Chemist: 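Below is the structure I would like to discuss, written out as structure tokens.
Note that this is a predicted model, so its numbers are computed, not measured. Chain letters run A, B, ... following the sequence lines, proteins first and then strands; every chain starts at 1. FYI, side chains are in, hydrogens and waters are out, and symmetry mates aren't considered; it's all heavy atoms of this structure.
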Amino acid sequence: MAYSEKNFRESKQLSPSHIESEILQIWNQHQTFEQSIAIREGKNNFVFYEGPPSANGMPGIHHVMARTIKDLVCRYKSLKGFQVERKGGWDTHGLPIELQVEKKLGITKKDIGSKISIAEYNKECREEVMKFKNVWDDLTQKMGYWVDLNNPYVTFENYYIESIWSLLKKLYQKDYLYKGLRIQPFSPAAGTGLSSHELNMPGCYKNVKDVSAVAQFKVKESEHPQFSLLSEKTNGEDFYILAWTTTPWTLPSNTALAIGNKINYLLVKTINPYTHIPVNIILAKDLLGKYLKAENENKDFSLYQNDGKNLPYQILSEFRGSDITGLLYEQLLPYAQPEEGDAFRVIAGDFVTTEDGTGIVHIAPSFGADDMRVAQENGIGSLTLVDRQGKFIDIVTDFAGEPVKEAYLSDEEKEQAKQKQGRDKYLSVDERIVIKLKTENKCFKSEKYEHSYPHCWRTDKPILYYPLDSWFIRVTAAKERMVELNKTINWKPKSTGEGRFGQWLENLVDWNLSRSRYWGTPLPIWRTEDGEEEICIGSIAELKSELSKAQAAGVMGDIDLSEKNLDLHKPFVDDVILVSSKGKAMRRESDLIDVWFDSGAMPYAQWHYPFENEEIFKKSFPADFIAEGVDQTRGWFYTLHAIAVMLYDSVAYKNVMSNGLVLDKNGNKMSKRLGNAVDPFITINKYGADATRWYMISNSQPWDNLKFDIEGLEEVQRKLFSTLHNTYAFFAIYANLDQFKLSQDQIPIHQRPEIDRWIISCLHSLIQEVESAFDDYEPTKAARAIQEFVNDQLSNWYVRLSRRRFWKTEDPQDKIAAYQTLHTALTTISQLMSPIAPFYSDWLYRSLIQAQDNNSASVHLTDFPIAKTERIDKDLEAKMNIAQQLSSLILSLRKRENIKVRQPLAKVLIPIIDSQQEEMVAAVQNLILSEVNIKTIEFVRDTTGIVSKKVKPNFKLLGKKLGAKMKEASNAILEMNAEDINHLETQKTFDLQLSDINYTLLLEEVEIQTEDIAGWLVASDKGWTVALDITLTEELKNEGYARELVNKIQTQRKENDYQVSDRIEIKILNHNIAEKALKAFTDYICNETLADNLLFVSHIDELKTYELNDLEIIMEIKKK
RNA sequence: AGUCUCGUAGCUCAGUUGGUUAGAGUACUACACUGAUAAUGUAGGGGUCCCCGGUUCAAAUCCGGGCGGGACUACCA
């Protein structure tokens, strides 16, 4: 439908997909997005950072959620006069891309370097990562997300990597970068560390049976006060601490034992089941029953059968874990001692429980992350008696060269080992260690134990936790500043910032940057082989100059440095050999860095800062606003913060919103596997981006999880968009018919009728509300307020009650006032809703201002409406509220008595308490009367007792004053009779007799309600009461017929498809009663139905019967 | 296991500094209305405010302890 000159565009049916594609075209044609930035040139800027998505997967509906939030905030700020640049970006590195490439090529990591060169592999990654870029771009367009996709930052580009290098170098210079050890999942079979992601791949955890052992650690004599105490209990005999393990191969590397401070332990005298030697053991009280049967307590030791069963025992002492921390013990398997740190001491571990084992945990710091942490905290050293192949080193003489896990041996090797052991069955290291312990009286129990253990997803062999070299960022050094600066960030919701993020910061560990992969940003550190000299490269220029030094020194040959072949990825960087100051060759540390560093570096790297764009960077750091899913708390939100704090002593963002997940309608996580994932394209095509966006924003707070239900979307469409569209369509039809001109002078507000001033007052209240909601980053509140206004106030009250003013009014000024008021309201709504529903709002706006196709006007180029407090009349709003309430009450009475609204009634009685109440109702009485079709309102101020009243205490007021007497007072008030109430109303006070005091009750401390009026039809609610006179006089009855007839004629006109302005004539077949009844209303009927005449005739061509209440007539209407 | 979050009608959600008949929309049922009609009005049914304790004259609301859903992080001697 084309725009016709100076007309409001008419559109009966709301078709979101047409509107949206039309608006998209206009935006593209007129570059509306670019304009929205250009027109704010020189204004304050509002800085937004785009968290880069990865284009190697299809976008899902949750992306629509996150991007709606980003978009609406930016659009809002833009309306508020800020210049809001939105540079897009792509996250392009990382493991998922590598895995995808491997899947595509049918290779594994093992094949890299053999079947495929690193260069070819990375080339594949580079292509794969942008596989779905077009799909993403399409979604971006269709959902109405305004972001600059023409100049996005791309994390694999040299300029981006160069910026990252410069950041790393700054960290290096500040001594924030170091090489250290970290216990990581490690696959000896594959010879590589694994990420937690790889451990979480399905099938990695398998149930396996291992040999477990409870080892006896002999307590060593020491100055520890508990030693002598316990020693006394055993009469000077040795005593042992029991600790359980499912990995006996770690026992030679044991350096500590961990207890729980609050756990209760026992010292027990019993017998070792293998050696049958009496022993004194320490274990957790709760776990005693696992090892010793209660019935054998205090049994005679001499009755023991030397069979390992029915071990007699005797409890010698009980104490808390905290009592024995610091006790020393003898090393269990003394192959080697740690070079650094203390060892063989009892320490406290917060992770120790009494669920399993003995309540005492054997600590081998090299083979457990918890172990390492607790050991470091206690200054305990470590032993790593296993090499990277998973084999014992030579120093472990008994098992030298043997793999700690049976699974690492091939069948052949196992056979050989069996021969060597000289047994008919191969015994694992674990098993032989246990045997050794048993014979040495160092094992109290051993059994097969089934547990789930992680396996390498590539080799299917068990993994080990192993200390690996890694590069770390010393974030712990900046922890306090990070915590401090975090407090200045406005988090939405607050709890994520204080709670999840705050907690995370409080428990920081150094950031492990290293990743042993191929497709990612290389760590720019070159080291000599002995590790004594190293250099951190911070720019391409520096690399080149170091390179020429190396070439001059002869450690490095020729290399192609031309722009087109320079690629800061592997393998190029690995081919570069630099020279140290002492002339030694330096090779690059082979790691890549964590991709999270890539994204955390975007404030700088997106501008290739510090190499370029210093001005732009300075004015766009830190960000005013960022938003992502709550799952980014420890991801992007953290890395942005960490880098900014460490390098710039600044926050990276001032406001941050973390949105929840989008779940399916049953609250389950969406996944392709379950088939419950919602395709955003289908949803948007069918319901429109606006409805989708509106639904997501209005349904629940962004940070709550959203249960995505299509029915909710349909509801939004029906309740909001259809209603709004109908309202506009109504306006357009009559405005065009009446030739309403936008150029007409505005009628001053104070000259407009009550209802206009009311809706304008509501509108300005709404502006205030929406503005403060958006300012507070509470879009849900804004959406709900707009929705309520459109539905309840504008459509269901203002338009409904004003309808007649638009199509028949004698007063042209009144008509113009109505058009202007509705036009203003609709235009303002289009602006208020535009951040959330960018398409329809723009369509509506353009229609309202009669924009032509070639006109670039857009709601997104306007200024946000200003709430004018002088237009807000709370008093009037309250009055209208009363009108709505009273109308509703009267309608419910009509309903109860089955009197249709078309039947006029004479009178309604409204009891009031004072003249103020009367005034309020009087101000809106005409509206009420016409709405409910009643002739007059009569106010009664009752003192006669006809009106029966009920009094209810105001608990809030009285409770504060009376406290404990409240209950009694409440009862007393409820018992007040009519006389008492009357007294209270007229005298404003009443003496309340309570058991021990008198209380002078004030009028405002109670609520008085009318309950009933003798002989009337009464309804009441919220303090208001109405009484209806339902007597029908002859005249009222006749008017009822007339109204009924008008209704029938209107319906018939519609059925006949007449235009709203067509004139008709009405013929009714002679009918005495009807003629008499309708006589007085002929003019009224003709007027209402645009009839030239109403004739009673003796003949009618087409016989059609109509029911007028209890009459039946035959009537024909014809277009003239 | 830790951290965070949610739990109110069949469903989606409100519920102010604690204040007494716990609300709205939706869905359902019935009856109306109909020159805005995929709308609207009125009425009806529908509640263990997750549970248990505590504080208080008074708890959906505050405190303690649980339970359940979800997310993230770490891990299992």
Chemist: With both distances under 3.5 Å as the test, what is the Watson-Crick or G-U wobble partner of B:U73?
Modeler: B:A1
Chemist: Side chain of A:K719 only, heavy atoms from C-beta on: which candidate in B:A36, B:A77, B:U26 is closest?
Modeler: B:U26
Chemist: Go ahead and name the base partner of B:A27; Watson-Crick or wobble counts if both distances stay under 3.5 Å, otherwise write none.
Modeler: none
Chemist: Any donor-acceptor pair under 3.5 Å between the side chain of A:S795 and the base of B:A36?
Modeler: yes
Chemist: Check whether any side-chain nitrogen or oxygen of A:T727 sits under 4.0 Å from OP1 or OP2 of B:A36, and answer yes or no.
Modeler: no
Chemist: Step through it carefully: locate the ring centre of A:F501, locate the ring centre of A:F637, and say whether they are under 6.0 Å apart.
Modeler: no
Chemist: Now, which nucleotide makes the Watson-Crick or G-U wobble pair with B:A58, with each of the two distances under 3.5 Å?
Modeler: none
Chemist: Mapping A:N699 and A:F501 onto RNA chain B by nearest heavy atom, which one lands closer to the 5' end?
Modeler: A:F501
Chemist: Would you kindly compare A:Q717 and A:Y695 by the position of their nearest RNA chain B nucleotide and give the one closer to the 5′ end?
Modeler: A:Y695
Chemist: Below 30° counts as parallel, above 60° as perpendicular, anything between as tilted: where do the rings of A:F806 and A:Y798 land?
Modeler: perpendicular
Chemist: Below 4.0 angstrom from OP1 or OP2 of B:U73, is there any side-chain N or O of A:Y638?
Modeler: no
Chemist: Return the pairing partner of B:U48 with a 3.5 Å limit on both distances, Watson-Crick or G-U wobble; otherwise return none.
Modeler: none
Chemist: Partner of B:U16 by Watson-Crick or G-U wobble geometry, both contacts under 3.5 Å, or none?
Modeler: none
Chemist: A:R718 has a side chain; which of B:A36, B:U26, B:A77 sits nearest to it?
Modeler: B:U26
Chemist: Considering Watson-Crick and G-U wobble pairs with both distances under 3.5 Å, what does B:G53 pair with?
Modeler: B:C63
Chemist: Any chance the rings of A:F367 and A:W249 have centres within less than 6.0 Å?
Modeler: yes
Chemist: Would you name the heavy atoms of A:D371 and A:P365 that are closest together and state the gap between them?
Modeler: CB-CA, 3.7 Å
Chemist: Take atom CZ of A:R373 and atom C1' of B:C75, then tell me their distance rounded to the nearest Å.
Modeler: 10 Å
Chemist: Classify the nucleic acid contact of A:E715 as base, sugar-phosphate or nothing, counting any heavy atom under 4.0 Å across all strands shown.
Modeler: sugar-phosphate
Chemist: Base, sugar-phosphate alone, or nothing: which one does A:Y734 contact when heavy atoms must sit under 4.0 Å apart?
Modeler: sugar-phosphate
Chemist: Does a side-chain heavy-atom distance below 4.5 Å link A:D594 with A:N512?
Modeler: no
Chemist: Any salt bridge linking A:E769 with A:K781? Criterion: basic side-chain nitrogen under 4.0 Å from a carboxylate oxygen.
Modeler: no
Chemist: Rounded to whole angstrom units, what separation is found between the CZ atom of A:F8 and the C1' atom of B:A36?
Modeler: 17 Å
Chemist: Describe the nucleic acid contact of A:G959 in one word from base, sugar-phosphate, nothing, applying a heavy-atom distance below 4.0 Å.
Modeler: base
Chemist: What nucleotide, of B:A77, B:G19, B:A14, holds the atom closest to the side chain of A:R784?
Modeler: B:A14
Chemist: What distance, rounded to whole Å, do you find between the two P atoms, one in B:U8 and one in B:C49?
Modeler: 11 Å
Chemist: In Watson-Crick or G-U wobble terms, both distances under 3.5 Å, what is the partner of B:A22?
Modeler: none
Chemist: My understanding is that only residues two or more places apart in sequence, or in another chain, count here; which of them pass side-chain hydrogen bond (donor to acceptor under 3.5 Å, both in side chains) with A:E788?
Modeler: none
Chemist: Output the rounded distance in Å from CD1 (A:I433) to C1' (B:A77).
Modeler: 15 Å
Chemist: May I ask you to say what A:Q701 touches in the nucleic acid, namely base, sugar-phosphate or nothing, with a heavy-atom cut-off under 4.0 Å?
Modeler: sugar-phosphate
Chemist: Heavy-atom distance under 4.5 Å between the side chains of A:Y1084 and A:L1045, does that happen here?
Modeler: no
Chemist: Among B:U20, B:A38, B:C13, which is the nearest nucleotide to the side chain of A:S722?
Modeler: B:A38
Chemist: Which part of the nucleic acid, if any, lies within reach of A:S700 when heavy atoms closer than 4.0 Å are counted: base, sugar-phosphate only, or nothing?
Modeler: sugar-phosphate
Chemist: Expressed in angstrom and rounded to an integer, what is the separation of A:Y465 atom OH from B:A74 atom P?
Modeler: 11 Å
Chemist: Reading nucleotides 41-46 of chain B from the 5' end, what letters show protein touch, with B for base, S for backbone sugar-phosphate only, - for no heavy atom under 4.0 Å?
Modeler: SBS---
Chemist: What does A:D371 touch in the nucleic acid at a heavy-atom separation under 4.0 angstrom: a base, only the sugar-phosphate, or nothing?
Modeler: nothing
Chemist: Can you tell me how far P of B:C33 sits from CD1 of A:I890, to the nearest Å?
Modeler: 18 Å
Chemist: Nearest to the side chain of A:H362, heavy atoms from C-beta on, is which of B:C76, B:G19, B:A77?
Modeler: B:A77
Chemist: Quick check, are the ring centers of A:F708 and A:H62 under 6.0 angstrom apart?
Modeler: no
